Every structure is written in C-alpha cells, then in structure tokens.
Amino acid sequence: MLDIKWIIKNPKEADEAFKKRGLKPLSDKLIKMSKSRSQSFVQLESLLEQRNKFSKEIPSIKDKDKKEKLIEKVKSLKKEILKLQEGKSSTNSDLDNFIMELPNFLDNSVPDGKSDNDNIEIKKNGNIKNFNFKIKDHVDIGESLDVIDFKSASKVSGARFAYLKNNLARLERALASFMIDSNILSGNFKEIYTPLLVNEDTLKGTGQLPKFDSDVFKTRENLWLIPTSEVTLVNLIRDKIIEEDDLPLRFTSYSPCFRSEAGAAGKDTRGLKRQHQFSKVEIVSITKPEDSNDEHLLLLKTAEKILQELDLPYRVCELCSAEVGFSAKKTFDIEVWIPSINDYMEISSISNCGDFQSRRMNARYKNNEKKEYPHTLNGSALAIGRTLIAILENFQNKDGTVDIPEALKKYMNGLERL
RNA sequence: GGUGAGGUGGCAGAGAGGCUGAAUGCGGCGGGUUGCUAACUCGUUAUACAACCUUGUGUUGUAUCGAGGGUUCGAAUCCCUCUCUCACCGCCA
C-alpha cells in the first residue's frame with residue numbers, strides 16, 4: 001500500500017512515480033479524498049466528544065425534566081453522528097479501495113520501458129549445448145518416455161493440467177528437496193511448510209487482492225488457493241512487531257501453486273510452461289529498509305546458484321517499468337535456456353517489494369523504540385515445472401533419453417538417465 | 001458435522017450497564033535499601049489516529065476488552081452474526 005502521507009507531502013514526486021508506472025497523475029485526487037476524510041473525521045470526533053460528555057452528566061442530574069431534556073439532546077446528537085458515520089465510512093472506503101488498487105512505486109533504478117523487449121540483460125551464465133541431432137521439445141520427450149500425460153489430465157481436470165509419471169514424478173520430488181537444501185545452505189533460509197488455502201485478508205496483504213481476483217482460484221468456503229507460497233511466507237509477519245535483532249527473516253518453502261491465469265487464455269498452451277497447478281520453491285526475506293537492496297542481490301544469488309549446480313544456462317534480466325509486478329518496486333528475472341524455442345524462458349522472478357506489503361499487512365519492526373515498516377522480498381528458487389522443461393530439453397540425448405544432472409543423482413537414488 | 005466452555009493490557013486474571021483504558025499479581029523500566037546477588041521498598045509502565053499551540057519526554061480529544069452489527073442517553077458488561085481456542089462425541093489421512 002502506498003503511503004498517503006508521503007504523497008500528500010510530495011505530490012510532484014508522486015505524480016512522477018505514477019507516470020513511471022504508466023498511470024495518470026493521481027496526487028490531486030488522493031489528496032482531495034484524504035482531506036475530505038480527515039475533515040469529516042474531525043467533525044465526527046467533536047460530536048462524539050459532546051455525546052460522551054453529556055452522557056456522563058446524565059446520572060448525576062436529579063431534576064427529572066432536566067434529565068429528560070439532556071437525554072433528548074444526546075439522542076439528536078446521536079442521529080447526527082450516525083449520518084456522519086455513514087458518510088465517513090463511504091469516503092473512507094473510497095480512499096482505501098482506491099489506494100489498495102494502486103501498484104507500488106518503482107525504484108529509481110528501474111529502467112523505463114514498454115514491454116519485455118525493454119528488459120535489460122545484466123548477466124549470462126553457462127554454456128549452451130550444440131546438439132548434433134534433431135532436438136525435441138519437452139512435450140515430445142516426455143510423451144515418448146511415457147513420463148508426461150496431458151490427455152488423462154485434461155479428462156480428469158481440464159486444460160492446463162498434467163500428470164507426471166514414473167521417474168519424472170520422482171525428478172520433480174528430487175528437485176524440491178535439492179532446491180530446499182541448496183537454499184538453506186545459501187542463506188540459512190528457514191524451511192517452512194505452509195497452508196495452501198488462505199483467506200481474503202492474506203491475499204490483500206501481499207497484493208493479489210483486491211485487484212487480481214480473477215487470477216486466483218477461490219473455493220466455495222471463501223478460501224483461496226495460493227498462487228505462490230510468497231503469500232503465506234510473507235504473511236507470517238502480518239500484524240506483528242518484529243524485534244530488530246531478528247531481522248533479516250529468511251524463509252523457504254516448497255509448495256504447489258495454483259493460478260487461474262484468466263488473462264492468459266490461448267497463450268503457451270503447449271506443454272508444462274503455463275499450467276493451472278505447478279510446484280515452486282520460494283524464498284522470502286524480511287529486512288530493514290536499509291538492507292533490502294543487498295538482500296535482493298542475495299536472493300538473486302541464491303536462485304542463480306541452483307541453476308549453476310544444475311548446469312543449466314541462464315541469463316538475468318532487470319525488468320523494465322512496464323514489466324515489474326503490482327507489489328514490487330524492482331524485479332530481476334532469471335531466464336533459463338530452452339533449446340526447442342532457441343531462446344530463454346522465465347524460470348524465476350525475484351522482487352523487492354519495499355514496505356508496500358508490510359503496510360498492507362500492518363507488519364512492523366522495532367527500530368530502537370520506533371516502529372517502522374520492514375521491507376519484504378520474494379523470489380522463486382525455482383519454479384519446478386519450468387525447471388523440468390529445462391532439464392528435459394537441455395539434457396536430452398539422441399536416443400531420446402535424458403541425463404540426470406549431476407547434482408540431482410543423489411536425490412534420485414543414483415539414477416543416471418530417464 | 002454435533003454439543004459445551006471460553007477469547008479482557010507483555011503475561012496471568014478480576015470486572016457482569018455510568019465511578020473501568022480497565023482491580024490485583026507477575027514481568028518490564030527508573031529510584032531507594034543492601035558487601036554482591038536475592039529479598040524488601042517507592043514510583044512508573046498500552047496502541048493507533050486526530051486537533052491545538054506554548055513544537056514539548058506538550059495539552060486535549062477519539063477509538064480500541066476476538067471481529068462486525070444491534071439495543072441504550074451511556075456497553076468489556078445485554079442481544080445477534082461471524083471467527084478462533086479448548087474439551088467431549090461423530091467422521092477421517
């Protein structure tokens with residue numbers, strides 16, 4: 001959530017920031033809304049004060065008529081209060097609703113841009129293999145090895161689901177263990193197993209709601225399937241006051257993720273790339289504001305290390321202004337090399353959300369005696385479904401088999417290839 | 001899913017329409033006593049928001065006793081809904 005006080009104090013800078021996000025200047029509107037809110041608030045307070053004062057006097061008045069009169073007076077006060085409260089709660093929620101749908105301000109360092117073409121590649125790593133045979137994509141590899149079954153999945157669940165079978169199912173499990181272990185080593189991330197169903201407030205806290213409700217699956221019981229365990233990991237600090245010495249908090253979690261991807265119909269329909277359900281190992285950090293830039297790099301390094309150990313070629317991009325997500329102020333994407341498309345594909349997104357989420361969830365930390373909003377950061381380390389694609393394709397052999405990356409063999413009981 | 005009991009400050013625990021932002025105890029903080037510790041003792045000890053100026057470790061106000069509604073001149077206290085915790089029963093990996 002944006003800091004309305006800061007906007008009131010710095011309307012020009014705020015409008016610049018809105019512009020960078022591709023929005024109209026909104027400071028005027030926000031300031032007006034906030035002013036009318038605080039005006040009615042002051043008015044209401046003074047009415048409440050009167051009511052309380054008179055009410056307190058009533059029991060000590062002996063004269064019956066006087067008493068009656070005073071009671072009548074308070075009654076009419078009450079009517080006024082009720083009226084005002086109605087107005088207030090509507091302007092109040094106007095501002096709240098409006099501001100809850102505004103994205104985070106971008107970091108100054110974020111490059112301007114209009115599409116993913118304007119993302120800036122900042123690093124490349126690993127060797128892209130030259131295959132001396134006709135390569136297959138992961139769908140063909142998976143189906144010919146009888147380890148992926150889309151047909152059955154579409155019958156059982158519908159489009160955008162898949163069965164993984166045999167050693168590919170095992171590989172998915174191996175990757176989860178491997179990634180978690182690697183993360184714990186990289187930064188002493190604490191492993192967490194989280195709930196997969198959450199309530200509305202939780203999703204508001206991290207920013208999926210209220211704006212992106214169509215991207216998230218909702219159950220009859222008003223619980224929502226998490227689209228990422230960022231949601232549950234960051235919400236661990238909701239309504240809490242963290243001791244300064246306990247920062248940074250670092251969490252890692254393996255979980256299924258569910259995305260309805262309402263806006264993505266017809267996109268990437270082939271294969272495992274864009275599924276309604278996929279697994280992901282997530283890393284999350286909660287830091288002091290002054291540490292979050294360094295922490296952002298640590299998260300990046302943590303995710304990169306996994307690709308390095310898996311021996312997968314990748315590059316790191318800094319997202320341009322058009323591509324940074326709603327809650328983030330700065331994001332690095334890691335993209336892994338995919339031979340069948342002869343290009344890189346996003347496999348991890350690592351974001352610094354500043355105090356945007358901690359404001360939304362009212363999470364603070366003690367800075368000496370002051371309470372301030374910590375920064376929250378999250379990243380995939382890594383998306384497992386897409387890691388499977390990368391392994392199937394980058395480690396494929398001419399005979400249709402797929403080698404198991406060295407780092408995973410011990411998690412596969414020594415298995416050499418699929 | 002059913003039944004019952006509950007949710008009060010950092011914690012424990014009173015309060016059962018106005019004197020209650022809330023007794024008491026513990027803990028915390030500051031002081032006293034003491035060779036040190038302990039014990040004892042005195043004082044102090046919530047948060048958020050707002051208004052005002054004398055811009056201060058300021059004054060005043062409002063809200064907060066799980067959440068949201070309601071009754072009332074007045075609600076921690078009465079009523080309704082929801083939620084969470086605990087116990088027992090049922091079901092269950």
Side-chain angles (χ1 to χ4, degrees), chain A residues 1-9 30-100 169 173 193-205 209-210 218-225 232 235-246 254-256 355 357-374:
Chain A
M1 189 165 57
L2 297 176
D3 182 2
I4 182 72
K5 279 186 190 163
W6 185 87
I7 293 170
I8 290 168
K9 271 188 203 151
L30 285 165
I31 290 169
K32 266 185 200 149
M33 286 171 110
S34 164
K35 256 191 192 158
S36 83
R37 175 165 81 163
S38 57
Q39 267 169 13
S40 66
F41 184 76
V42 170
Q43 217 178 342
L44 180 68
E45 267 197 353
S46 86
L47 285 176
L48 286 169
E49 182 183 352
Q50 287 183 59
R51 182 200 67 181
N52 291 348
K53 207 176 82 192
F54 291 141
S55 285
K56 265 184 196 158
E57 282 171 16
I58 285 170
S60 62
I61 293 173
K62 295 274 150 57
D63 185 290
K64 259 192 180 173
D65 282 352
K66 268 190 184 168
K67 207 169 186 167
E68 282 300 315
K69 263 187 187 162
L70 200 56
I71 287 176
E72 283 309 311
K73 190 170 180 182
V74 179
K75 269 188 183 172
S76 72
L77 263 178
K78 221 177 114 180
K79 271 182 199 160
E80 261 183 86
I81 288 169
L82 230 67
K83 232 192 204 166
L84 210 62
Q85 260 171 346
E86 265 169 44
K88 196 197 124 196
S89 70
S90 77
T91 57
N92 215 341
S93 59
D94 280 353
L95 179 60
D96 286 346
N97 291 341
F98 187 64
I99 209 164
M100 282 295 271
R173 195 157 45 87
Y193 173 79
T194 85
L196 306 177
L197 288 162
V198 297
N199 60 33
E200 201 175 312
D201 284 343
T202 302
L203 286 166
K204 278 185 182 162
L209 292 181
K218 187 184 184 182
T219 67
R220 276 201 305 194
E221 285 75 11
N222 284 329
L223 290 170
W224 305 64
L225 283 159
T232 40
N235 270 282
L236 275 170
I237 64 167
R238 186 154 110 218
D239 291 320
K240 284 204 177 128
I241 295 168
I242 305 159
E243 294 296 331
E244 187 175 1
D245 289 346
D246 292 337
Y254 163 64
S255 84
D355 62 9
Q357 293 179 322
S358 61
R359 280 180 190 283
R360 286 177 160 245
M361 58 181 77
N362 190 33
R364 277 139 334 138
Y365 77 101
K366 268 192 206 160
N367 183 7
N368 296 316
E369 280 315 296
K370 274 188 172 171
K371 286 167 201 130
E372 290 180 8
Y373 295 105

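This structure is a prediction, so every number in the text was calculated from the model and none was measured. Proteins come first, then strands; the chains are lettered A, B, ... in the order of their sequence lines, and each starts at number 1.
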Watson-Crick or G-U wobble mate for B/C49, both contacts under 3.5 Å:
B/G61

Does B/U54 have a Watson-Crick or wobble mate here (both distances under 3.5 Å), and if so which one?
none

Heavy-atom distance under 4.5 Å between the side chains of A/Leu30 and A/Leu95, does that happen here?
yes

Base, sugar-phosphate, or nothing for A/Lys69, non-hydrogen atoms under 4.0 angstrom?
nothing

What's the gap between B/U47 and B/A23 when it is taken at their P atoms, as a whole Å value?
16 Å

Trace of the side chain to side chain contact (heavy atoms under 4.5 Å, CB included) decision for A/Tyr365 with A/Asp246
CA-CA 9 Å; A/Tyr365 77 101; A/Asp246 292 337; over 6 Å; no

In whole angstroms, the gap separating C1' of B/C84 from CZ of A/Arg238 amounts to 13 Å

Can you check whether A/Asn52 reaches A/Glu49 side chain to side chain, under 4.5 Å on heavy atoms?
no

Under a 4.0 Å N-O cut-off, is there an ion pair linking A/Lys366 with A/Glu244?
no

What interatomic distance, in whole Å, is found between C1' of B/A76 and the corresponding atom of B/U8?
7 Å

Tell me which nucleotide, if any, is Watson-Crick or G-U wobble paired with B/U44 when both distances must be under 3.5 Å.
B/G28

Looking only at atom C1', what distance separates B/A67 and B/U83, rounded to whole Å?
7 Å

Separation of B/C84 atom P from A/Asp201 atom CG, nearest Å, is 13 Å

To the nearest 0.5 Å, what is the distance between OG1 (A/Thr202) and CG (A/Leu197)?
11.0 Å

Using the P atoms only, state how far B/G9 lies from B/C65, rounded to an integer number of Å.
10 Å

If I take atom NZ in residue A/Lys366 and atom P in nucleotide B/A46, what distance separates them, rounded to the nearest angstrom?
14 Å

Applying side chain to side chain contact (heavy atoms under 4.5 Å, CB included), run through A/Ile242 and A/Ile237 and close with a yes or a no.
CA-CA 8 Å; A/Ile242 305 159; A/Ile237 64 167; 3.8 Å; yes

Applying side chain to side chain contact (heavy atoms under 4.5 Å, CB included), can you list everything that pairs with A/Lys9, at least two apart in sequence or on another chain?
none

For A/Glu243 and B/G28, give me the distance from atom CD to atom P, rounded to whole Å.
15 Å

Are A/Asn97 and A/Pro210 close enough that some pair of their side-chain heavy atoms sits under 4.5 Å apart?
no

Pairing check on B/U71: which nucleotide meets the Watson-Crick or G-U wobble criteria with it, both distances under 3.5 Å?
none

Rounded to whole angstroms, how far apart are CG on A/Leu44 and P on B/A50?
14 Å

Test item: A/Asp201 and A/Arg238 side chains (from C-beta on) under 4.5 Å apart, heavy atoms:
yes

Which nucleotide, if any, forms a Watson-Crick or G-U wobble pair with B/G17, using both distances under 3.5 Å?
none

Rounded to whole Å, NZ of A/Lys240 lies from C1' of B/G10 at a distance of 15 Å

Determine the interatomic distance between P on B/C79 and the same-named atom on B/C84; round to the nearest Å.
22 Å

Take atom OH of A/Tyr193 and atom P of B/A93, then tell me their distance rounded to the nearest Å.
17 Å

Any side-chain heavy-atom pair from A/Trp224 and A/Leu209 closer than 4.5 angstrom?
yes

Would you give a per-nucleotide map of nucleotides 68-75 of chain B, 5' to 3', where B means the base has a protein non-hydrogen atom under 4.0 Å away, S means only the sugar-phosphate does, and - means neither?
----BBS-

Heteroatom pairs (N/O) under 3.5 angstrom, protein to nucleotides 51-57 of chain B:
none

Less than 4.5 Å apart, any side-chain heavy atom of A/Lys69 and any of A/Lys66?
no

Taking B/G70 as the reference, what is the distance to B/U60 when you measure between their C1' atoms (whole Å, please)?
31 Å

Say you pick atom P in B/A46 and the same atom in B/C29; how far apart are they, in whole Å?
15 Å

Determine the interatomic distance between C1' on B/C91 and the same-named atom on B/G13; round to the nearest Å.
37 Å

Using Watson-Crick or G-U wobble geometry with both distances under 3.5 Å, which nucleotide pairs with B/U85?
B/A5

To the nearest Å, how far apart are A/Tyr373 OH and B/A48 P?
10 Å

